Chemist: 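Pasting a structure here, questions to come.
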Amino acid sequence: MALGDLMASRFSQSSAALDEFGNEDGDRSSNVRESDTASSSYLGGAGTGFAADNAMTTTTSMAYFPQTIVLCELRHDGFEDCVPSGPSDTGLVSKWRPRDRMKTGCVALVLCLNISVDPPDVIKISPCARMECWVDPFSMAPQKALETIGRTLNQQYERWQPRAKYKISLDPTVDEVKKLCTTCRKYAKSERVLFHYNGHGVPKPTANGEIWLFNKSYTQYIPLPISDLDSWLKTPSIYVFDCSAAGMIVNAFIELQDWTASGSSGTSTRDCILLAACEAHETLPQSAEFPADVFTSCLTTPIKMALRWFCTRSLLHESLDYSLIDRIPGRQTDRKTLLGELNWIFTAVTATIAWNVLPHDLFQRLFRQDLLVASLFRNFLLAERIMRSPNCSPISYPMLPPTHQHHMWDAWDMAAEICLSQLPTLVEDPNAEFQPSPFFTEQLTAFEVWLDHGSKDKKPPEQLPIVLQVLLSQCHRFRALVLLGRFLDMGPWAVDLALSVGIFPYVLKLLQTTTPELRQILVFIWTKILALDKSCQVDLVKDGGHTYFIRFLDSVEAYPEQRAMAAFVLAVIVDGHRRGQEACTEAGLIHVCLKHLQGSTPNDSQTEPLFLQWLCLCLGKLWEDFTEAQVLGLQADAPAIFVPLLSEPQPEVRAAAIFALGTLLDVGFVSARDGVGGDEDCDDEEKVRTEVSIIKSLLSVASDGSPLVRAEVAVALARFAFGHNKHLKSVAAAYWKPQSNSLLTSLPSFAVKSSGSGYTTPTHCIPPGSRVPSPIPPSLRVGGDSQSISRDGRVSTSSPLATPGVIHGSPLSDDSSQLSDSGILNDAVTNGVVNHTRSRPLDNALYSQCVLAMCALAKDPSPRIAGLGRRVLSIIGIEQVVAKSVKSAGESTTVTNAGYAGLVRSSSWFDMNGGHLPLTFRTPPVSPPRPSYLTGMRRVCSLEFRPPHLMHSQDSGLADPLLGSAGSSGASDRSFLPQSTIYNWSCGHFSKPLLTAADDSEEMIARREEKEKMALDLIAKCQHSSVSKLHNQIASWDTKFETGTKTALLQPFAPIVIAADESERIRVWNYEEATLLNSFDNHGYPDKGISKLCLVNELDESLLLVASSDGNIRIWRDYTVRGRQRLVSGFSSIQGQRLGVRSVNAVVDWQQQSGYLFSCDEVSSIMTWDLDKEQLVNTVPTSSDCSISALSASQVHAGHFAAGFVDGCVKLFDIRTPELLVCASRPHTQRVERVVGIGFQPGLEPGKIVSASQAGDIQFLDMRNLKEAYLTIDAHRGSLTALAVHRHAPLIASGSAKQLIKVFNLEGEQLGTIRYLSTFMAQKIGSVRCLTFHPYQVLLAAGAADACVSIYADEIAPTR
């Protein structure tokens, strides 16, 4: 199957089935959400049991086992742990590049033949080998023969290196050779010199490594030591010695190398290569079937030599006339002719043998650095094969492993035979058509077989160099590219292997072709190459390759996934490469990207998320730190085009859009612009408008559900803070400055609407139907007590935040004259941070919102984002002190020292924001600005705002080593800014296999099916079991929680209970083996407690969702293994939506069917989060003045949830209906107290609910049919603290502060009471804090105020 088809078949699936990371189960949830499970849910008989027919079982499994799986994408894998690296441009990766390409610039040919005079140490046989360079020296006069041979040898070498300078020396003296060598080196400069020595007319070399030359009168042989030759030729050089006992010279040379290397100058002899015709003890073959210079003939005329040798050994030797070999038609460079085809096959075979046999580095040095050296070594492999037959072993330095018996020679023999069999016909009839050899087709088939069965752990495919050769031929090219693409897709190791073979120049050259069918596969191959090695960007731009990808990106007929690859390639080309940025800008890349972003509509099949993501990343990289491109982007109204992308369902697309917006924030905003002339005013206005729109867009997603997105917001805000730190610092300082009341009106506020400014917060921040939250919590509205601490410049409590109501302030800049004496705006240097200020500050309401967003990020549930947030705050002069709260939960929060009381109350912005980090705020001193020599020094702050008990605590150092340097070194250094990670992280996608599905999916499905089967059996048991008492305590666990157990959870498929306490410590316990499996802190600043524990994906690899009382959600994986727990994701389900409002009583529940998390606190609306999209998808108004105290999501019907209110009211909602609220009831009428617990009754009926109030009454409701409760149980008198409803069995349990638990069935009958622990002394249970049933078994876990968690079963302990 061609890769194009393979890609087509894979990519043309609906984007719903294929998420952007190629996981088949990427968006299974959407299917579930749309197919309303309610259709199967209105079946009767769900209360106590089911008919046992198959249809009902199917319905049950459909309803009870949701197919939705969330938070298992690539982005959730180790987000906290590491900073991803993009394509590498250094180190290991670029090893495939020949370190320094070299060429042989000069060739010295030395022939010592002395024709007609035999040397004294040679006894010749008869008949004897006579041919030199295919010339018979005895067929003409000796001198003429010598010149002819020299000329022929010159021509033979020129075929391999036509551009070199050739010098011939015939029967020379030592002086002539010395002169020749020095001339060659002088001419070649630093290039390689080849020295060819034919010593057939002189004695063998001596044991000392001397070769023989002549004296002037040819009466004596004169020795020339190899050391002299080496000193004249220097390096780099290559020697060819064609004489008997040539190994002597190689041995002497190696000794010389070792001797020089042991001295100081090891470098002088490093790059020398030697090729010798035979070993030290051998003489050259004299058989007449060979030429006398068989070694030289193999090196310079390999095809002729190979065919002549082959013919004597093949079946053709009787029928073929050898003279025809000299008449093979065609040219060696034309592959469509017989000679060209033979040469091509020979090159492929020898390169393949070398690549498979030689070590990687040696292959690179000999076969990829120098064209002439590569040719000689390919031909040397032939010499080894041919000369081994008369027992002669050519040797080389560096030494090569033996190759003469490699099985690829058989393929060569076969190809040669097929070609030679056509030779007589082709010679006779010049018009006869040449039939190409099947060699390349067969080798590609062999490669394809390897692709079907090979892997990283197996031997690499030996046909890789042949695939390279095939790219040269048009007829095989498409197939070769498709197979190559499949190979590269196997992983970075495969890309590295292909690059080391030498694929790069070939695929670079192919970008100049216009063949349409090659486009998709070439884009794919380049994607794979650039995902591994970014350094190729330079070559692409130099060769104009970028235009190929821009054209492809703009072609609508290609699949969007393939166009995403083109966008990726272009992003790598412009990444940190100014020439690439310029070239792509000139080629109109900005227009192309924006056009396709603009044309994307949410339901369009073309808007593949991966495509949108890479269009954004490509633009972001294009104008990153490149002003010209930024200006073009702004002129094209890019910020407005990005806005719709910020609400895309895929977090990757949202993060990429923020990255692109953030990199746009560089246009003239980072450089100081104090002296702007009037003629630029208009332009400046435009820039301010653009910047305002970008910041508003960023603020709209500052509380996104995905850490990936918030990380990008933090990075973008850091860029903004860098350019505006003076103005932001002023706004921030204003909140802490001691001001007289008359000045309060001039200060900006956190008000959502600022008078005259026109800026409002994004619409989804204020839930429909809710009151605009007052930004100042009542606890901080101090107003009257404005006593100053002392007159030494410390703060007074009448800070702007300490005034009642909402302050509507006009922009600070309008009243800056009133503030000038405080030095807020006039001090150009604060903290040693150089202020890059603008000529015109933005509106202060916007600055206020920015500072609030920065503070929210600094206390983000994700530690990595909190770190980024702290870096952003440090840019504007706020530094946090990381110190764990030293107060125990029971202590009062007031500080005893009255002198500090006001200080503590108004000091911490975080306290106002529901945060838990003390701050140090560095404000400029009130004195006039200092001279500029203070620029680099840190300014002393007027007051460090830190509660006294933290002033001297041990770990009150800076949160991040970077913060420490912020002041001292000055933030003028751009490197201080946090770096975006979305680009590098997204690049990782293309390193992974894109054409094959993941292997582990079958295993996952099998595991899931096994769990479903187990669960079905257990559900059937639950529904048909008759529970009598449920007071048999099977396990009791002292959790050692100081503050008692706040909440607990039983795992469905393992005997594990998870419990948590007020200080957010989580412990995991195996109750069968009574062992503690793990214990960890949910986060570092616990003061709220955990409100809920839920299991996410319980039928798959389950995750632990931990909801804190402040509305922060953290989701953990591997939580049952000690010390291995990893944070998958975290977000603020409430806090971030209403900056400045503190939440302490968040109520949360999770619904696997829909993939929705419902959360709310005191304020009257319920947030609906889609954990698949990691996005707030709905804000449900509760239409009540009272806050919600209990929340329960149906585990059967997607979108259904019930809420219980503080005033005893109960409401049922359905997120799928337009009106959201299904019905409301007020069942708790006797004594109006808060609803403590609420839950859906077991079974498939949608509106049946159980509600329990603090007054002690439990009401059974059928919300859709009756407004009133149809059954009431007075369970506990005024002390009910917990309610649990079993998911499948007809059971409910309620707990009381009066140390007892009662168990009822759905008819209201009390089945049992639990009062005592089953200990020797029958100790009474503690005050009940939490109750939870096992999802599929009749097991009840109870947590008490005395830190004990007990697990109860029916009379007989259940079998697992």
Side-chain angles (χ1 to χ4, degrees), residues 643 646 654-655 657-659 661-662 665 691-725 727-732 734-735 748-754 757 759-766 773 775 801 842-862 864-878 880 908-910 912-915 917 919 921 977-978 980 1110-1112 1130-1143 1176:
V643 168
L646 300 180
R654 304 198 295 273
I658 293 161
F659 169 72
L661 281 172
L665 278 173
E691 195 172 24
V692 165
S693 76
I694 291 174
I695 291 302
K696 286 168 135 182
S697 300
L698 292 176
L699 292 173
S700 73
V701 282
S703 50
D704 192 274
S706 170
L708 200 64
V709 176
R710 298 196 304 279
E712 293 309 308
V713 174
V715 170
L717 283 177
R719 290 176 92 102
F720 174 68
F722 192 81
H724 287 251
N725 84 34
H727 306 300
L728 282 163
K729 199 170 286 188
S730 311
V731 170
Y735 292 107
S749 72
F750 288 113
V752 179
K753 298 183 177 66
S754 176
S757 69
Y759 299 127
T760 57
T761 33
T763 49
H764 78 256
C765 287
I766 301 173
L801 292 183
L842 307 183
D843 182 276
N844 276 90
L846 198 61
Y847 283 137
S848 300
Q849 289 171 36
C850 281
V851 177
L852 273 173
M854 292 169 187
C855 287
L857 287 167
K859 53 190 180 55
D860 195 273
S862 157
R864 190 164 138 206
I865 291 162
L868 286 170
R870 291 196 292 270
R871 283 177 71 173
V872 180
L873 282 180
S874 70
I875 292 172
I876 61 164
I878 301 175
Q880 280 130 329
S908 170
W909 204 327
F910 276 139
M912 193 210 81
N913 268 305
L917 297 175
L919 289 187
F921 188 81
L977 289 175
S980 162
D1110 58 0
N1112 280 346
F1131 63 98
S1132 171
S1133 67
I1134 290 159
Q1135 185 85 38
Q1137 302 308 310
R1138 292 188 291 276
L1139 293 172
V1141 179
R1142 186 170 182 171
S1143 163
L1176 181 69

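Just so it is clear, the structure is predicted and the values come from calculations on it, not from any experiment.
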Chemist: Ignoring hydrogens, what is the shortest heavy-atom contact between Met854 and Leu717? Give both atom names and the distance.
Modeler: CE-O, 4.1 Å
Chemist: Any side-chain heavy atom of Leu728 sitting closer than 4.5 Å to one from Phe720?
Modeler: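 Side chain of Leu728 against side chain of Phe720, heavy atoms only: contact under 4.5 Å found.
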Chemist: Rounded to the nearest 0.5 Å, what separation is found between the OG atom of Ser1132 and the CZ atom of Arg710?
Modeler: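 Between atom OG of Ser1132 and atom CZ of Arg710 there are 8.0 Å.
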Chemist: Nearest 0.5 Å please: distance from the NE2 atom of His724 over to the CD1 atom of Ile695.
Modeler: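 Rounded to the nearest 0.5 Å, the NE2-CD1 separation comes out at 7.0 Å.
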Chemist: Ignoring hydrogens, what is the shortest heavy-atom contact between Pro707 and Ile865? Give both atom names and the distance.
Modeler: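 Closest approach of Pro707 to Ile865, heavy atoms only: O-CD1, 3.1 Å.
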Chemist: Quick one: pull up CG in Leu708 and OG in Ser862 and give me the separation to the nearest 0.5 Å.
Modeler: 10.5 Å
Chemist: Please report the closest heavy-atom contact between Ala866 and Ala858, naming both atoms and the distance.
Modeler: CB-O, 3.5 Å
Chemist: What distance separates Ser703 OG from Asp860 CG, expressed to the nearest 0.5 Å?
Modeler: 10.0 Å
Chemist: Determine the minimum heavy-atom distance between Leu661 and Ser697, stating which atoms define it.
Modeler: CD1-CB, 4.0 Å
Chemist: Taking all non-hydrogen atoms of both residues into account, name the closest pair between Leu646 and Val701 and its distance.
Modeler: O-CG1, 3.7 Å
Chemist: Once you round to the nearest 0.5 Å, how far does CG of Asn844 lie from OG of Ser848?
Modeler: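 Taking CG in Asn844 and OG in Ser848, the distance rounds to 6.0 Å.
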Chemist: For the atom pair CD1 (Ile878) and CZ (Arg870), what is the distance rounded to the nearest 0.5 Å?
Modeler: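 Going from the CD1 atom of Ile878 to the CZ atom of Arg870 covers 13.5 Å.
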Chemist: Check whether any side-chain heavy atom of Leu977 lies under 4.5 Å from a side-chain heavy atom of Ile875, and answer yes or no.
Modeler: yes
Chemist: Scan Val872, Leu699, Ile658 and name whichever one has a side-chain contact (heavy atoms from CB on, under 4.5 Å) with Val713.
Modeler: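 With Val713 as partner, side-chain contact (heavy atoms from CB on, under 4.5 Å) holds for just one option, Ile658.
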Chemist: Can you name the closest pair of heavy atoms from Ser980 and Glu712 and give their distance?
Modeler: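 Here Ser980 and Glu712 meet closest at OG-OE1, 2.7 Å.
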